[in-house]
Number of protein chains: 2
Amino acid sequence: MSDAVAPAGYDPSAYPPFAVTSDIVVLTIRGGELSVLLVERGNEPYAGCWALPGGFVDIDEPGEETARRELVEETGLEISSFHLEQLRTYSAPQRDPRMRVVSTAYLAFLPDLPAPVAGDDAARARFFAVRDIEAGEVTLAFDHDQILADAVERARSKIEYTTLAAAFVEKPFTLGDLRRVYECVWGTRLHPSNFARKVLSTPGFVRSLDVRGASQFEGGRVGALYETGDATVLHPAILRPTADEEDER
Amino acid sequence: MSDAVAPAGYDPSAYPPFAVTSDIVVLTIRGGELSVLLVERGNEPYAGCWALPGGFVDIDEPGEETARRELVEETGLEISSFHLEQLRTYSAPQRDPRMRVVSTAYLAFLPDLPAPVAGDDAARARFFAVRDIEAGEVTLAFDHDQILADAVERARSKIEYTTLAAAFVEKPFTLGDLRRVYECVWGTRLHPSNFARKVLSTPGFVRSLDVRGASQFEGGRVGALYETGDATVLHPAILRPTADEEDER
DNA sequence: GGCATGATGCTCAATGTGAGTATGAAGGAG
DNA sequence: CTCCTTCATACTCACATTGAGCATCATGCC
């Protein structure tokens, strides 16, 4: 941004050849597991490997728009609107063996999509459980393991102090559905009663629909239905249980 | 990052001409005011305007290193080590009238520097009170007003749940010094006793030097001296007073 | 009709926080 | 030298929030 020693006047071809890309980390809850959308690479390098969806930023296109566009192009997903935020930018000189690629990663939260994810550009696209990737069962192309780790940490942290957990569930949801989001993202169990008390005492977190209906989940008594409220931040936050013991379902 | 429709094979000059830069937001506390380091631009556009230090990323240089290098080059500051973190990336197509510039902003926290800031590349460099810039008394070049606003919000938020406030004070400091950091960054007053109770009850926030000594501030009884501890996160956080009334000193 | 599962309500104790009050220690003004 | 201002620091109390346990109710399944 400074005017100090520009590499070379205004001749574009004389600038260092940077490629600028956007990658997108799409997180959702599928089958009780925090999951991420990956595409299979068709070309070298890392051909056949799984990677985050992404692509080159057009010269007159905002990076965020690139992320939205690539998500549709590579996966066929057509979602009207969803939460998308910038995660961070990865620019280590050797992160792509071909050339210097500066990539800005974006993070999206989606409710579970019944729509089958169909590849378009990319060979294949599907959701993977984050747990399996963290366990090393799948290794991602480039530095995408790191990007995913940063994204998951951002998600785990962000649902603490914002109402973004609601972005993982579809409109009519029960408090149990919402609680399961926290449990899946954090990998812990929460006390149902205390959770409900907390959510309901936070103005604007959820709005009651004054109806009872089937949960998005299985068995048990059906709970009251809610929709997302106006609030965006939680004050005070819902803190993750301190990592003493974290047992799973 | 995807291999989908690369603009053009591997011929660098055929890629869209992106410029990649790093900008750095250096925050410190000077004279009881949260302050930011700015440099005066010598060239068009925005010649004569104040802007954040920054410059072009070398083709084989990590963006964070660019930030450190430019800070030294443009201001003559020679600091051994300081906290530096990535803020976010700004890539709106028209943010620089000359060409498409993608800029990653970094955020640095420094203690008050007695060293006079001497320009090198840039015409001049000096600290400005953030309060004055927020009040509109100074308008920055490009989208640097937005970058600064994001940086200040990040700082205000980050000292809530990390021990980073200690990065604003030099090694032997009193609890009053540390409290003043919070007060300057948040623009509020804190209850001295409650603040001390909180800091001392957080394991690893500060370590007592078992000495009493002059505060880095003026008058009053001298307090006990402390140094930074090992902890990096605060659990639970120190929450900003809810913005009911915020009166200043 | 039993039973498992989950929703909801209620209570209690522990913890953390905001606020007020009191006292000690240092420097400056008169 | 003494009053006065400015902090540092200690103590107390009320109150809000939270974690945990228990009790009850509603559903679907055998």
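Within every chain, numbering begins at 1; the chains are lettered A, B, ... in the order of the sequence lines, protein sequences first and strands thereafter.
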Indicate yes or no for a side-chain donor-acceptor contact from A/D230 to the backbone of A/G204 under 3.5 Å, with no hydrogens or angles considered.
no
What residues in residues 196-208 of chain B put a non-hydrogen atom under 4.0 Å from any atom of DNA chain C?
B/R197, B/K198
Shortest side-chain distance from A/P192, nucleotide among D/dT9, C/dT8, D/dA20
C/dT8
If you apply the rule side-chain contact (heavy atoms from CB on, under 4.5 Å), what do you find for B/T174 with B/V222, and how did you get there?
CA-CA 8 Å; B/T174 67; B/V222 297; over 6 Å; no
Can a cation-pi geometry be assigned to A/R180 and A/Y182, taking NZ or CZ under 6.0 Å from the six-membered ring centre and within 45° of the ring axis?
no
Check the pair A/T228, A/F173 against side-chain contact (heavy atoms from CB on, under 4.5 Å), reporting the backbone distance first and the verdict last.
CA-CA 9 Å; A/T228 308; A/F173 56 88; 4.0 Å; yes
B/Y106 and side chain to side chain contact (heavy atoms under 4.5 Å, CB included): which partner among B/Q86, B/E85, B/R68?
B/Q86
Do B/L84 and B/E64 have side chains that approach each other closer than 4.5 Å (heavy atoms only, starting at C-beta)?
yes
Counting only side-chain N and O atoms of A/R180, is one of them less than 4.0 Å from OP1 or OP2 of C/dA7?
yes
Nearest to the side chain of B/P236, which nucleotide is it out of D/dA20, C/dT17, D/dT9?
C/dT17
Show the numbers, then the answer: is there a side-chain contact (heavy atoms from CB on, under 4.5 Å) between A/F109 and A/F82?
CA-CA 7 Å; A/F109 292 166; A/F82 53 92; over 6 Å; no
Expected rows: protein N/O vs nucleotides 27-30 of chain D N/O, under 3.5 Å:
none

